[in-house]
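These numbers come from the heavy atoms of this one structure, side chains and all, not from hydrogens, waters or symmetry mates.
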Amino acid sequence: MNMDVLVSLCKRRGFIFQSSEIYGGTGSCWDYGPLGVELKNNIKRAWWRDNVQLRPDMVGLDASILMHATVWRASGHLDHFTDPMVDCKACQRRFRADKLDEQSWIHYCPATKGNKFEVPGGEPCKHCGARRTLCPECGKGELTAPRQFNLMFKTFMGPVEDEAAVTYLRPETAQGIFVNFDNVLQSMRLKLPFGIAQIGKAFRNEITPGNFIFRTREFEQMEIEYFVNPHETIDGRPADEAWHDRWMEERLAWYRRYGIRADNLRLREHDKSELAHYAKRTADIEYRFPMGWSELEGIANRTDFDLRQHAQFSGKSLTYYDEDRRTHVVPYVIEPSAGADRSLLAFLVDAYQEEEVRGEKRVVLRLHRALAPTKIAVLPLLKKRTDIVATARELHDRLARRWVTVYDDTAAIGRLYRRQDEVGTPYCVTVDVQTVGDSDKGEAGDRCVTIRERDSMEQIRVPIEDLSQVFDRLLGEAAWDEVARAYPRAKS
RNA sequence: GCGGGAAUAGCUCAGCGGUAGAGCGCCAGCCUUCCAAGCUGGGGGUCGCGGGUUCGAAUCCCGUUUCCCGCUCCA
């Protein structure tokens, strides 16, 4: 599929709008519309439930976005997140100024009649003695003066800028967890291993935002910091390494559980040169996006780096008392860090399908029922029959108390179904003449409605009294076939 | 920041010097008892913005902003 198709659908159907669009839009920022916010909330809710509420070893946290500036000194972000960069004026390549002298460079040597060859990093040319001044890649272009790239959003706490304390919008939610490690440990009486989870906004001045909501400067993370005792072993392996593997499996399974096709997911191990300054090992969960395989979630072994740094900078002890070994330990931490917006994009991309039905194109979002923004649409088959409309409205109001339900009577039934398909509504309930009967002919209604399933377009006839219990199952764990079996099929 | 492309209706796009168009969607009515049916009607755009050329600019020129795609970078 093409990303533009999805961008267009998202706008047209109220999932995602360009930020500040009436002013021409603003780069890299996107707003979630009425359906988008439901979808995103559902994703976050599923993540929270599966990773926090259903696990005895996990607790949650919601830390402030603005933190003490020293946090970012301790975490290493202030040093590592700001790089001086230079550009080649000829070939447009960009380089880190501080790494320029380390890399080999292309040289057109005047002493050898302008022959082109590569000189090792940091060394002068053996023939003419020249040192590198031009672009190391093309050997021809001049480089611009170094420019400072600050990947953190700097801001001021306090209304008077001169007197205010400089701080930063957090570039990751993780640090909020680390600085609260001891608070959580003490208040919740936790034993290793345990994890702290957090969902929240983070901000990075990405050099190259883009690909719709894939890389944005303001984004939402779903992070877990899972603390383990480095002195323990599991099946003969250090606990941190064993838990790293477990979390990779667990997280991969999570995406599959909510409908992402296995062959669109893969794990990619970082090689040594790619590792962040704190990481012992990192593996990414990648999804096959329209623009190629890209990271959904990074699962890193951050070792005891962060707790040690914060202990040092704050002067507070951030240790855990190991009763068995009668010693204080600094836990190691495994960090599964997922992007909420990226997940949402992956769920959308994976769910989007076009198919041909009776010679017409049908666009359907096969979203997992737990994620679908609206669960049920109630549709009257005939709009001018007031009894049908009244029954449909009544049904809608009843169902809406428990599930996100919409009512629509503004078009013919076929069109109404297609609209719901396009936004991924898993079930439609249709009220027809048989439901309410025909008082002119003295016929009583059967008080049954049709439930139509999105993916198969199959329909069953269900008594209104059963609806609540049927949707409990259809929107819970039960498979469609399992539920549908008990009811007569309706022809479409 | 550099290079390239683009900016016209909600969406997709045509128009490329002579008073703003199509398809789809949307809204209303008629019709219709189950998968984008039909008919009638309707709303909606100072053609990104600013300047210039011209009798006349969506169209040509200059500037500018924004978006998209590459490149550099991604904790």
Parallel, tilted or perpendicular: ring planes of A:His396 versus A:Tyr407, cut at 30 and 60 degrees: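 Because their plane-to-plane angle is over 60°, the rings of A:His396 and A:Tyr407 count as perpendicular.
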
Quick one: sort the A:Tyr226 and A:Trp243 rings into parallel, tilted or perpendicular, breaks at 30° and 60°.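 If you compare the ring of A:Tyr226 with that of A:Trp243, the planes turn out tilted.
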
Rounded to the nearest Å, what distance is computed from the [atom1] atom of residue [X] to the [atom2] atom of nucleotide [N]?
X        : N     : atom1 : atom2 : answer
A:Leu78  : B:A75 : CG    : C1'   : 13 Å
A:Arg415 : B:A37 : CZ    : C1'   : 9 Å
A:Phe17  : B:C11 : CZ    : C1'   : 13 Å
A:Lys383 : B:G29 : NZ    : C1'   : 9 Å
A:Asp408 : B:A36 : CG    : C1'   : 13 Å

Between A:Leu382 and A:Lys361, which has a closest nucleotide on RNA chain B that is more 5'?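 Residue closer to the 5' terminus by nearest nucleotide: A:Leu382.
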
Relative to the 5' end of RNA chain B, which residue comes earlier, A:Lys11 or A:Tyr417, by the nucleotide with the nearest heavy atom? A:Lys11

A:Phe214 and A:Phe212: aromatic ring centres closer than 6.0 Å? no

Look only at the side chain of A:Trp30 and the backbone of A:Ile16, and say whether a donor-acceptor pair between them is shorter than 3.5 Å.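 No, because the side chain of A:Trp30 does not come within donor-acceptor range (under 3.5 Å) of the backbone of A:Ile16.
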
So what does [X] hit on the nucleic acid, given a heavy-atom distance under 4.0 Å: a base, only sugar-phosphate, or nothing?
X        : value
A:Asn211 : sugar-phosphate
A:Ser8   : sugar-phosphate
A:Arg452 : base
A:Arg215 : base
A:Thr282 : nothing

Are A:Lys44 and A:Glu220 ion-paired here, with the side-chain N under 4.0 Å from a carboxylate O?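 Salt bridge between A:Lys44 and A:Glu220, a charged N being under 4.0 Å from a carboxylate O: yes.
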
Applying a 3.5 angstrom cut-off to the pairing atoms, does RNA chain B sit in any stems of at least three consecutive Watson-Crick or G-U pairs? List them by first number.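 Looking at RNA chain B, the stems formed by three or more consecutive pairs are B:1-7 with B:65-71, B:10-13 with B:21-24, B:26-30 with B:38-42, B:48-52 with B:60-64.
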
Could you tell me whether the side chain of A:Ile451 reaches within less than 4.5 Å of the side chain of A:Trp480, counting heavy atoms only?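 Yes, side chains in contact.
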
Distance, nearest 0.5 Å, that separates CD of A:Glu453 from CZ of A:Arg369: 9.0 Å

If the P atom of B:G63 is compared with that of B:G70, how far apart are they to the nearest Å?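 Here B:G63 and B:G70 have their P atoms 27 Å from each other.
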
Considering only the C1' atoms, how many Å lie between B:U8 and B:A20, rounded to the nearest integer? 9 Å

Run through A:Leu6, A:Leu9, A:Ile213 and flag the one making a side chain to side chain contact (heavy atoms under 4.5 Å, CB included) with A:Leu348.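 Among the candidates, only A:Leu6 passes.
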
Is it the case that atom NE2 in A:His368 sees more than 12 heavy atoms from other parts of the structure closer than 6.0 Å? yes

Using a cut-off of strictly less than 4.0 Å between a heavy atom of the residue and any atom of RNA chain B, enumerate the qualifying residues of residues 285-306 of chain A by number. none

